[in-house]
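From a predicted model like this one, the values you see are computed outputs, not experimental measurements. Computation of the quantities below employed the complete heavy-atom set of this structure, encompassing side-chain atoms and omitting hydrogens, waters and symmetry-equivalent molecules.
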Amino acid sequence: MKIRYRSAAPRRQSKALRLLAVAGGGLVAAVGLELFLMPHKLLPGGITGLSALISHITEMRLGLFLFLFNLPFILISRRQISLRFALYTMLGLIGLTAGSLALHHFPAAVSEPLPAAIAGGLCLGFGLGISVRFGGLTAGSEQQSVRLLNGGPPKSAEMPIMLFNVAILLYGGSLFGWDQAMYSIIAYLLAFEALRFSLRDLSLTQAVWITSSKPEEIRRKLQQSLDREVKLVQSSGPDGQPGTVFCLASRLEEEELASIVHGCDKDSTIVINAARNNRIRALFHNKPPG
C-alpha cells in the first residue's frame with residue numbers, strides 16, 4: 001500500500017520519539033496535578049477531577065484512581081481502534097499514573113492557589129495534548145478527540161458532561177471552600193484551551209483519495225468505522241480496473257484509515273490532500289450509494 005501527500009506531508013516520527021512523547025506527555029500532566037493542583041485541592045473537572053476528588057476524600061493516591069477510572073475507556077474503545085493505537089494509549093495512561101505516584105510526596109511548587117491553578121491547568125492541558133498528538137490518549141477514544149478538535153462534544157453529550165463537571169465543582173466547593181472552586185474553574189478552562197491549542201493543526205480536514213480493486217468494501221468499512229459519508233467515485237471495472245473512493249479525515253485519523261484500507265487491499269494507493277470547503281460541498285452534493 002502506498003500513501004502519497006499532495007500537500008506538505010506531516011513528518012513521520014520515529015517509534016522511539018513517539019514512545020517518549022506519549023510517556024512524557026503523561027508525566028507533564030502528572031506534574032500539573034501533583035505539584036500544582038492537588039496540594040491546593042483544585043479539581044480540574046472530568047475524569048481527572050473525579051479522580052482528584054475521590055483521592056482527597058479517601059486520602060489514597062491519585063495515581064490509583066487515574067488508572068482505574070481511565071482504563072474502562074481504553075477497553076471500550078479497543079473495538080474501534082487498532083492494537084497499536086491501544087498500546088500507545090495504555091502507555092500514555094501508564095506515564096500519567098507512574099508520574100502521579102512518583103510525585104505524590106513532593107511539596108507544592110507554589111504556595112498561592114492562583115498561580116497553582118494557572119500552572120497546573122497549563123501543564124495538564126499541554127501534557128495531555130502531547131500524549132494525544134503522538135498517539136496516546138488518557139481518556140476516551142480517538143473519535144472523541146476528533147470531536148473535541150472540531151468544536152466540542154456531540155450535542156447529545158453536552159448537557160451530561162456539563163452537569164458532571166458542575167457536580168464535581170459544587171461538591172469540591174462544599175468540601176474545600178468556594179475559593180477553591182473558583183480556582184478549579186480557572187484550572188479547568190486553561191487545561192481545556194491548552195489541550196485544544198496543542199492539537200490545533202490535527203483538526204485540519206484532509207481529502208483522501210483511495211485507489212483499489214476493492215473500492216466498495218473499503219467504502220463500506222470506512223463509512224462504518226469513521227461514522228461519516230464515504231463516496232464511491234468510480235467502481236472497479238469488469239477487467240480488474242481499480243476503483244476510486246473519496247472521504248474526509250483529520251490527521252489524527254490517518255493511521256486508523258490506513259489500517260482499514262490495508263486490511264481490505266494491501267495493493268491500494270492512498271493520496272492525501274488538503275481539503276477546501278467548496279470542493280467538499282461539490283463532492284458531497286449527491287449522497288454516496290448505500
Side-chain angles (χ1 to χ4, degrees), residues 25-26 28-58 60-74 76-77 89 92-93 96-97 100 113-129 131-132 137-200 203:
V28 172
V31 168
L33 287 169
E34 292 288 356
L35 299 188
F36 295 101
L37 300 181
M38 289 293 289
H40 295 277
K41 296 181 171 59
L42 305 182
L43 309 176
I47 297 299
T48 304
L50 178 62
S51 301
L53 178 61
I54 296 179
S55 175
H56 281 301
I57 294 173
T58 61
M60 296 177 65
R61 300 284 186 91
L62 172 63
L64 173 65
F65 296 107
L66 288 172
F67 186 82
L68 291 178
F69 291 158
N70 281 288
L71 184 61
F73 286 97
I74 299 176
I76 292 172
S77 63
T89 303
L93 178 56
L96 176 61
T97 303
S100 176
L114 180 57
I118 295 173
L122 291 176
C123 285
L124 179 61
F126 282 121
L128 294 180
S131 185
V132 172
L137 304 179
T138 54
S141 66
E142 178 179 356
Q143 189 175 25
Q144 290 171 323
S145 293
V146 173
R147 285 171 176 164
L148 167 67
L149 293 170
N150 290 333
K155 294 295 183 182
S156 60
E158 286 181 353
M159 185 58 68
I161 291 175
M162 184 184 72
L163 292 176
F164 177 72
N165 287 321
V166 168
I168 291 176
L169 291 173
L170 289 177
Y171 192 68
S174 67
L175 289 178
F176 311 128
W178 299 110
D179 286 345
Q180 261 59 33
M182 181 186 67
Y183 294 127
S184 295
I185 293 174
I186 294 173
Y188 174 78
L189 293 175
L190 286 173
F192 183 80
E193 291 303 321
L195 176 59
R196 287 176 63 92
F197 181 82
S198 301
L199 306 178
R200 63 195 185 283
S203 64

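- Heavy-atom minimum distance, Leu93 versus Leu66: CD1-O, 3.8 Å.
- Here the straight-line distance linking atom CZ of Arg196 with atom OG of Ser198 works out to 11.5 Å at 0.5 Å rounding.
- Scanning all heavy atoms of the two residues, the minimum distance from Ser131 to Gly26 falls at CB-N, 4.4 Å.
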Under the side chain to side chain contact (heavy atoms under 4.5 Å, CB included) criterion, do Ser100 and Glu34 qualify, and how do the steps go?
CA-CA 6 Å; Ser100 176; Glu34 292 288 356; 2.6 Å; yes

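- Contact record, Leu124 with Ala191: CD2-CB, 4.2 Å, taken as the closest heavy-atom pair.
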Is there a side chain to side chain contact (heavy atoms under 4.5 Å, CB included) between Ile57 and Leu175? Walk through the geometry before answering.
CA-CA 9 Å; Ile57 294 173; Leu175 289 178; 4.0 Å; yes

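- Two residues are said to be in side-chain contact when any heavy atoms from C-beta on lie closer than 4.5 Å; Pro113 and His40 meet this criterion.
- Residue Leu62 holds its CG atom at 11.0 Å from CG of Leu53, rounded to the nearest 0.5 Å.
- In plain terms, the two heavy atoms of Pro44 and Gly49 that are nearest each other are CD-CA, 3.8 Å.
- To the nearest 0.5 Å, atoms CD1 (Ile168) and CG (Leu163) are separated by 11.5 Å.
- Expressed to the nearest 0.5 Å, how far CZ of Phe192 lies from CG of Asn165 amounts to 10.0 Å.
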For a side chain to side chain contact (heavy atoms under 4.5 Å, CB included) check, start with the C-alpha distance between Ile186 and Leu42, then their side-chain angles and the critical distance, and finish with the verdict.
CA-CA 10 Å; Ile186 294 173; Leu42 305 182; over 6 Å; no

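- Classification of the Phe65-Phe69 ring pair by plane angle, with boundaries at 30° and 60°, yields tilted.
- Rounding to the nearest 0.5 angstrom, the gap separating the CG atom in Asn70 from the OG atom in Ser51 is 6.0 Å.
- For Trp178 against Leu170, the heavy-atom pair with the smallest separation is CH2-O, 3.5 Å.
- Annotation for Leu33 and Pro39: closest pair O-CD, 4.0 Å, computed over non-hydrogen atoms.
- A distance of 10.5 Å separates CD1 of Ile185 from CG of Leu43, quoted to the nearest 0.5 Å.
- The environment of CZ in Phe164 is crowded: more than 12 heavy-atom neighbours from other residues, nucleotides or ligands sit within 6.0 Å.
- Between Phe176 and His56, the distance separating the two ring centers is shorter than 6.0 angstrom.
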Stepwise, does the side chain to side chain contact (heavy atoms under 4.5 Å, CB included) test hold for Ser55 with Met38?
CA-CA 9 Å; Ser55 175; Met38 289 293 289; 3.7 Å; yes

